[in-house]
Enquirer: 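Please find one structure pasted underneath; my questions will follow.
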Amino acid sequence: MASHRKPKRPRPYTLTGSTARTAATLALAGAATGTALEGTGHAAPQPTPAQVKTQVDRYYQEAEAAAERYNGAREKERAAQDSLDELRDEAARKTERLNAARNALGAYATAQYREGGLSPAVRLALSASPEQYLDRASRADHMAGRQTAALKRVERELEGVRQVRTAADAELARLKESQSELAAHKRSAEAKLDAAKRLLKELPPKKTTDTQNEDSSANTTRDTALQAASRSATRAASGNGTTQAPTERAARAVSFAYSALGKPYVWGATGPSAYDCSGLTQAAWRAAGVSLPRTTYTQINAGSKVARSQLAPGDLVFFYSGVSHVGIYVGDGKMIHAPRPGAPVRVAPIDQMPFAGATRPA
């Protein structure tokens with residue numbers, strides 16, 4: 001009979017007492033955590049104005065470093081092109097001389113061929129003046145030897161020019177390739193700048209205004225710039241404490257920098273209507289009669305090194321570890337520089353960027 005009994009079903013497991021309360025607590029905590037994670041995944045924290053400014057500053061610095069390298073590559077390309085043009089001119093001149101020598105030898109060979117029907121011994125025997133014949137033969141042999149030597153010399157020179165020209169062409173090709181890479185890097189930096197500008201536009205108006213206060217407060221009108229230039233020139237020439245320029249040339253360079261206040265920053269520009277950072281310093285010292293190299297990383301080697309504590313108006317001050325930015329010191333801890341696109345030539349404290357060194361051109 002026992003075999004006909006239904007098997008007992010297991011009793012359902014139930015939570016009782018403190019166990020139930022603990023499970024409920026864990027479930028609620030899990031739901032809250034899941035909600036928090038889901039919200040985090042869909043809503044990234046909005047960057048603060050300070051974070052945006054830091055990001056924009058980094059993009060501008062990267063772009064300017066690329067622009068300076070681009071300027072250097074362009075200068076090298078121009079020098080290589082000039083050298084190549086000179087080599088081609090020299091090759092053309094040597095080719096003309098080579099052709100003239102060949103023509104002369106051709107004429108001489110034709111004359112010899114016309115007289116070549118008789119052997120020299122027979123022509124000597126038949127000559128009315130054996131002495132004159134021997135003299136002409138001797139001079140002809142001497143001339144042939146000289147022309148042959150000249151031909152070989154010109155050919156060697158021409159071959160040398162070919163080799164140099166080939167090397168110059170290869171160098172120019174490498175420079176153009178490098179310049180293309182630098183231009184691509186510059187375009188990449190510009191794309192980053194555009195992204196940063198879009199981010200600025202997405203910020204609330206008040207925050208956007210806060211991040212732009214530096215630019216708006218630093219803009220200097222043209223009339224104010226000219227008045228400042230006059231005052232600066234007087235101070236730099238006469239010497240008022242920290243504003244004293246060490247030389248008359250330095251005073252002229254500072255005066256020029258003041259006269260450029262308010263002009264726009266343009267990549268690769270060297271004036272007179274716009275400048276990049278090294279273009280401004282080069283133009284300022286050119287106005288003082290001193291020729292500076294084109295880029296920041298070459299200008300830092302032009303002139304004597306100056307300690308930061310010994311800065312005087314007219315000194316070039318450099319910034320960032322890659323020496324990618326330069327300004328012209330005007331005294332009282334300030335400089336005039338072309339900061340970046342959208343920010344015109346202005347006066348700024350030198351401690352607003354990482355200091356890399358200083359030089360005194362004159």
Side-chain angles (χ1 to χ4, degrees), residues 63-106 146-190 253 256 260 265-303 316 322-324 326 338 359 361-362:
E64 189 169 45
E68 285 300 307
R69 292 194 297 271
Y70 179 86
N71 289 338
R74 187 169 58 180
E75 289 294 298
K76 291 180 180 179
E77 182 189 26
R78 288 172 177 170
Q81 186 63 60
D82 291 342
S83 176
L84 183 61
D85 291 341
E86 292 177 1
L87 288 171
R88 286 173 174 168
D89 290 342
E90 183 179 359
R93 291 191 298 269
K94 289 182 178 294
T95 300
E96 289 178 0
R97 290 198 295 268
L98 175 61
N99 290 337
R102 284 174 173 168
N103 290 337
L105 289 176
R146 289 180 57 188
Q147 290 191 355
T148 300
L151 175 59
K152 290 181 179 179
R153 182 172 61 254
V154 173
E155 286 177 336
R156 286 195 302 270
E157 291 174 355
L158 183 58
E159 179 60 27
V161 171
R162 289 194 187 109
Q163 293 175 357
V164 174
R165 185 172 58 188
T166 299
D169 284 340
E171 180 183 4
L172 186 59
R174 286 193 297 271
L175 287 173
K176 287 184 177 180
E177 181 180 358
S178 175
Q179 188 182 44
S180 178
E181 293 174 358
L182 292 172
H185 185 73
K186 181 180 176 182
R187 287 193 299 269
S188 175
E190 288 174 337
F256 181 95
Y265 178 106
V266 174
W267 270 315
T270 57
S273 58
Y275 299 93
D276 64 11
C277 69
S278 56
L280 174 63
T281 51
Q282 185 187 49
W285 273 99
R286 185 191 303 118
V290 177
S291 178
L292 291 180
R294 176 63 183 92
T295 63
T296 54
Y297 49 84
T298 52
Q299 288 183 4
I300 197 171
N301 296 316
L316 303 181
V323 193
S324 59
V326 62
T359 59

Enquirer: Identify the two heavy atoms, one from Val323 and one from Thr296, that lie closest to each other, and give their separation to 0.1 Å.
Expert: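 In this case the closest contact between Val323 and Thr296 is O-OG1, 2.6 Å.
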Enquirer: Ignoring hydrogens and angles, state whether a donor on the side chain of Thr281 or Gln299 is under 3.5 Å from an acceptor on the partner side chain.
Expert: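 On atom types as modelled, these side chains qualify, holding a pair under 3.5 Å.
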Enquirer: Can you name the closest pair of heavy atoms from Cys277 and Tyr265 and give their distance?
Expert: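 So the minimum-distance heavy-atom pair works out to N-CE1, 3.7 Å.
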Enquirer: Can you give me the closest heavy-atom contact between Gly72 and Tyr297, atom names plus distance?
Expert: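 Heavy atoms of Gly72 and Tyr297 come nearest at CA-OH, 3.5 Å.
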Enquirer: Please report the closest heavy-atom contact between Leu280 and Ala260, naming both atoms and the distance.
Expert: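 Closest heavy-atom pair between Leu280 and Ala260: CD1-CB, 3.8 Å.
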Enquirer: According to side chain to side chain contact (heavy atoms under 4.5 Å, CB included), who are the partners of Asp85, at least two apart in sequence or on a separate chain?
Expert: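 Residues passing side chain to side chain contact (heavy atoms under 4.5 Å, CB included) with Asp85: Gln81, Arg88.
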Enquirer: Do you know which two heavy atoms are closest between Tyr275 and Ala338, and how far apart they sit?
Expert: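 Minimum heavy-atom separation between Tyr275 and Ala338: O-CB, 4.0 Å.
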Enquirer: Could you tell me which residues satisfy side chain to side chain donor-acceptor pair (under 3.5 Å) with Ser278, sequence neighbours excluded, listed by chain and number?
Expert: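 Listed in chain order: Glu68, Arg294.
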Enquirer: Can you list the residues that meet the side chain to side chain contact (heavy atoms under 4.5 Å, CB included) rule with Ala302, with sequence neighbours excluded?
Expert: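 Testing Ala302 for side chain to side chain contact (heavy atoms under 4.5 Å, CB included), a comparison that skips the adjacent residues, returns Leu292, Pro293.
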Enquirer: When rounded to the nearest 0.5 angstrom, what distance separates CZ in Arg69 from OG1 in Thr295?
Expert: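 It is 11.0 Å, given to the nearest 0.5 Å.
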Enquirer: Restricting to non-hydrogen atoms, name the atom on Ala284 and the atom on Phe256 that form the minimum distance, rounded to 0.1 Å.
Expert: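 Answer, listing the atom of Ala284 first, then Phe256: CA-CD2, 3.3 Å.
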Enquirer: Taking the side chain from Thr359 and the backbone from Asn301, do they hold a donor-acceptor pair closer than 3.5 Å?
Expert: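 No, the answer is negative, given that no donor and acceptor are paired below the 3.5 Å cut-off.
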